Colleague: 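Once you've had a glance at the structure underneath, I'll fire off some questions.
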There are 2 protein chains.
Amino acid sequence: MNLTILGCYAATPRTFTNPTAQIVEIKNQLFLIDCGEGTQVQLRKNKIKFSKINRIFISHLHGDHFFGLIGLISTFMLLNRTTDLHIYGPKGIKEIIILQLKLANSWTNYKLIFHELESTESTLIYQDDKVVVKTLPLKHRIYTNGFLFEEKSAPRTLNIAAVQHHNIEKCYYQNIKNGKDITLDTGEVLDNKTLSFDPPKPMRYAFCSDTAYNEALIPLLENVDVLYHEATFLESEAALAAKTMHSTAKQAAAIALKAKVQHLILGHYSTRYKNTTLFAQEAMEVFPDVLLAEDGKSFEF
Amino acid sequence: MNLTILGCYAATPRTFTNPTAQIVEIKNQLFLIDCGEGTQVQLRKNKIKFSKINRIFISHLHGDHFFGLIGLISTFMLLNRTTDLHIYGPKGIKEIIILQLKLANSWTNYKLIFHELESTESTLIYQDDKVVVKTLPLKHRIYTNGFLFEEKSAPRTLNIAAVQHHNIEKCYYQNIKNGKDITLDTGEVLDNKTLSFDPPKPMRYAFCSDTAYNEALIPLLENVDVLYHEATFLESEAALAAKTMHSTAKQAAAIALKAKVQHLILGHYSTRYKNTTLFAQEAMEVFPDVLLAEDGKSFEF
């Protein structure tokens with residue numbers, strides 16, 4: 001699983017910082033989460049192939065999370081895209097995009113498929129044979145979702161030496177990978193565990209931005225490998241965080257600790273702070289494994 | 001009069017080029033023309049004060065001319081703007097902006113005043129004591145206007161030596177500046193021209209993008225000091241220009257020649273061309289005074 005931060009700052013795009021957008025790559029599939037203004041340029045700078053993006057997840061309809069979407073949709077058009085594009089986002093997103101395409105008299109030559117979200121419960125919104133995506137209801141000034149990306153369990157790995165030792169024919173290999181026991185011609189039953197190894201543990205990545213401190217998230221985030229949690233403010237601005245329904249670095253760390261996640265990545269920094277290391281310092285007083293998002297930075301898990 | 005090009009490329013924003021946006025400064029007033037994605041970052045890079053922008057003119061509702069507008073409006077909000085903001089653009093622009101503010105539940109704390117345009121005749125859309133702005137109806141795939149910025153005539157300049165020679169009292173100075181003749185106590189009438197000089201010639205700047213070759217523009221552009229005319233293509237792609245209702249460099253030059261303008265600035269280059277000097281070469285075969293727009297370039301007239 002690979003995470004590339006295209007933008008991780010709150011509010012307005014600036015000369016050297018970008019609003020929220022990130023690419024999660026899971027088993028060779030690319031998912032774009034949020035799409036602030038300038039995301040398409042950030043995709044170019046980070047050499048991410050536009051044609052590999054087929055699903056875009058928008059957390060909420062504040063500009064720093066989606067003003068780049070209409071431009072990206074238009075650019076896909078100019079690049080002669082023909083593959084379907086799926087967009088997951090709050091109800092209303094379709095109306096905004098369609099109105100702009102209509103007034104520009106520019107319809108996409110590919111299928112644009114909207115999956116509008118309204119539920120305030122965690123909901124499965126996408127799955128294929130490798131990945132499951134669920135919403136994470138967040139607490140913000142408007143309807144907002146985070147997203148949980150879960151790898152599906154891979155098949156078990158064949159224990160080649162054991163299989164050959166028992167002269168098991170190849171036609172049974174798939175059954176073994178699927179966890180089945182094997183009955184030999186002698187009538188002896190071989191336990192699957194003696195013929196195969198556990199598959200690699202499926203990774204889980206949770207994206208939570210924007211949100212006030214919200215303990216209701218904890219059971220949904222339990223044991224995730226990587227939690228990206230917004231930290232718009234430091235504790236010195238806790239009152240402002242509460243008022244604007246954002247989190248402080250310390251609050252993000254408290255969620256990470258209580259949900260027993262492996263790694264915490266902080267982002268969505270207010271542009272008032274010159275030095276993002278203060279966010280790590282504050283969070284590490286609560287939770288040890290803190291990483292800082294930075295535009296253009298990639299994380300491999 | 002000063003012109004700063006924030007972006008002068010067609011279609012999609014890229015790592016080093018930006019879609020259309022420019023700032024015209026006339027007698028200390030700033031006017032923003034078009035607002036492609038990333039315009040607010042270009043304003044920052046070019047150190048243009050956001051608070052000095054009070055009027056924005058949008059030529060048409062193709063994305064490379066206005067996808068940056070909603071972001072700029074939002075940023076004005078975050079910067080605690082209180083001054084009115086006037087937006088001139090095609091009918092529909094208000095609906096797009098208001099819908100996005102509504103869904104974000106983020107209303108501006110300043111007045112947002114839309115002047116929606118529908119006329120296909122050149123129309124006076126703004127004037128104050130120093131400047132007049134008129135539309136220039138363009139020929140494109142959707143309803144599109146260029147804009148003509150005209151300085152108003154300044155008062156005549158006092159010929160101090162002549163005025164003092166005739167012992168004319170100060171209370172008459174304003175009349176002289178306004179072009180009136182003066183009758184002395186002796187009954188002698190002094191012709192205004194002997195007491196004042198012609199004011200500096202008022203400048204006129206015409207912005208024409210996007211448009212097919214359109215001779216109907218010529219009378220509207222006659223003798224303007226500076227014409228910015230789109231040149232999306234070179235003559236080698238004339239068929240494509242006709243199909244997409246854009247102009248070639250040669251066609252832009254033909255309009256400049258026939259309208260007897262002083263200077264022609266080319267821009268809105270298709271991103272297919274690596275070398276913009278080809279545009280100047282082609283245009284200069286028809287019209288001598290050709291300048292090339294470039295992102296971040298300023299022109300002083």
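The model shown is predicted, which means the values in this text are computed figures rather than measured ones. Below, chain A is the first sequence line, B the second, and so on; all start at residue 1.
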Colleague: Between A:A11, A:G38, A:P13, A:G92, which shows the greatest number of heavy-atom pairs under 4.5 Å with chain B?
Modeller: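 Between A:A11, A:G38, A:P13, A:G92, the count favours A:P13.
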
Colleague: Hey, is the main chain of B:I142 close enough, under 3.5 Å, to the side chain of B:T144 for a donor-acceptor pair?
Modeller: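 Yes: the side chain of B:T144 pairs with the backbone of B:I142.
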
Colleague: Side chain from CB out, backbone as N, CA, C, O: work out which of these in A:K102 comes under 4.5 Å of a heavy atom of chain B, or both, or neither.
Modeller: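 Neither; nothing under 4.5 Å.
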
Colleague: Who among A:L101, A:N105, A:T75, A:L79 has the most heavy-atom pairs with chain B under 4.5 Å?
Modeller: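 Among A:L101, A:N105, A:T75, A:L79, the one with the most close pairs to chain B is A:T75.
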
Colleague: Could you measure the distance from the CD atom of A:E95 to the CD1 atom of A:I93? Nearest 0.5 Å is fine.
Modeller: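 Going from the CD atom of A:E95 to the CD1 atom of A:I93 covers 12.0 Å.
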
Colleague: Identify whether NZ of Lys or CZ of Arg in B:R81 sits under 6.0 Å from the centre of the six-membered ring of B:Y110 and within 45° of that ring's axis.
Modeller: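 Cation-pi check for B:R81 and B:Y110: passes.
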
Colleague: Testing the basics here: between A:F50 and A:Q40, what is the closest heavy-atom pair and its distance to 0.1 Å?
Modeller: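 Where A:F50 meets A:Q40 most closely, the heavy atoms are CZ-O, 3.5 Å.
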
Colleague: To the closest 0.5 Å, what do you measure between CG (A:D84) and CZ (A:R55)?
Modeller: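 One gets 8.5 Å once the value is rounded to the nearest 0.5 Å.
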
Colleague: May I ask you to list the residues in residues 60-72 of chain A that approach chain B closer than 4.5 angstrom, counting heavy atoms only, ordered by number?
Modeller: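 Those residues of residues 60-72 of chain A which have a heavy atom under 4.5 Å from chain B are A:L61, A:H62, A:F66, A:F67, A:G68, A:I70, A:G71.
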
Colleague: Chain A heavy atoms under 4.5 Å from B:T39: which part of the residue, side chain, backbone, both or neither?
Modeller: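 Looking at B:T39, just its backbone touches chain A.
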
Colleague: Can you confirm if the aromatic rings of A:H246 and A:H140 lie within a centre distance of less than 6.0 Å?
Modeller: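 Judged by ring-centre distance (under 6.0 Å), A:H140 and A:H246 do meet the cut-off.
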
Colleague: Tell me, for A:S74 versus chain B, whether the close heavy atoms (under 4.5 Å) come from the side chain, the backbone, both or neither.
Modeller: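 Contact with chain B: side chain only.
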
Colleague: Is the centre of the A:F31 ring less than 6.0 Å from the centre of the A:F147 ring?
Modeller: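 Distance test on ring centres: not under 6.0 Å, no.
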
Colleague: Heavy-atom cut-off 4.5 Å, strictly under: side chain, backbone, both or neither for A:L103 against chain B?
Modeller: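 Both backbone and side chain.
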
Colleague: Do A:F57 and A:F207 make the cut of ring centroids closer than 6.0 angstrom?
Modeller: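 Not close enough - the centres of the two rings lie 6.0 Å or further apart.
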
Colleague: Is B:R272 close enough and on-axis enough to B:F233, meaning under 6.0 Å and within 45°, for cation-pi?
Modeller: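 The answer is no, since B:R272 fails at least one limit relative to B:F233.
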
